[in-house]
A.B. asks: 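Please find one structure pasted underneath; my questions will follow.
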Amino acid sequence: MASRLSGTPGSEPRLVSLPLSRIRVIMKSSPDVSSINPDAIFLTAKATELFVQYLATHSYKHGQGKENKALTYSDLSRTAEKSETFQFLAGK
């Protein structure tokens, strides 16, 4: 487990880019949570990264920013509204 979380020079490269300490704080902010397994924190971080990557890729491919080679908030918002997969993100 330590090699997955390690970011020290000379060790394996990090497998997640999100700060695990922040994810732990967010998870512990729930009154229903008393302790969190380090593997659960790692898996939550990895799942979040994969979700954001999928959302960004889908939004870029189907958005208008493709001509500018840029992804904008409106592309993400439009994806949340139009795509059935992401409708749970829409503010309606």
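Keep in mind that this is a model prediction, so the values were computed, not measured.
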A.B. asks: Which distance, rounded to the nearest 0.5 Å, do you find between the CG of L20 and the CD1 of I23?
C.D. replies: 5.5 Å

A.B. asks: Closer than 3.5 angstrom, by distance alone: can the side chain of S29 be matched with the main-chain N or O of I26 as a donor-acceptor pair?
C.D. replies: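 Confirmed, S29 side chain pairs with I26 backbone.
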
A.B. asks: For the residue pair Q87 and E81, what are the closest heavy atoms and their distance?
C.D. replies: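 Residues Q87 and E81, closest heavy atoms: NE2-O, 3.4 Å.
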
A.B. asks: Mark yes when over 12 heavy atoms from residues, nucleotides or ligands other than F88 sit less than 6.0 Å from its CZ; otherwise mark no.
C.D. replies: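 Correct, the count exceeds 12.
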
A.B. asks: When the side chains of residues 40-51 are checked against the rest of the protein, which donor-acceptor pairs come out under 3.5 Å, sequence neighbours left out?
C.D. replies:
| unit_1 | atom_1 | unit_2 | atom_2 | d |
| --- | --- | --- | --- | --- |
| T44 | OG1 | A40 | O | 2.7 |
| K46 | NZ | L15 | O | 3.0 |
| T48 | OG1 | T44 | O | 2.7 |
| E49 | OE2 | S17 | N | 2.3 |
| E49 | OE2 | S17 | OG | 3.3 |
| E49 | OE2 | L18 | N | 2.9 |

A.B. asks: For a quick test of reading the model, state the closest non-hydrogen atom pair linking A90 to A80 and the distance between them.
C.D. replies: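 In this case the closest contact between A90 and A80 is CB-O, 3.8 Å.
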
A.B. asks: Could you tell me which residues satisfy ring pair (Phe, Tyr, Trp, His ring centres under 6.0 Å) with H58, sequence neighbours excluded, listed by chain and number?
C.D. replies: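 Partners of H58 under the ring pair (Phe, Tyr, Trp, His ring centres under 6.0 Å) test: H62, F86.
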
A.B. asks: What distance do L89 atom CG and L55 atom CG have between them, rounded to the nearest 0.5 Å?
C.D. replies: 6.5 Å

A.B. asks: Quick one: closest heavy-atom pair of L76 and A56, and the distance?
C.D. replies: CD2-CA, 4.4 Å

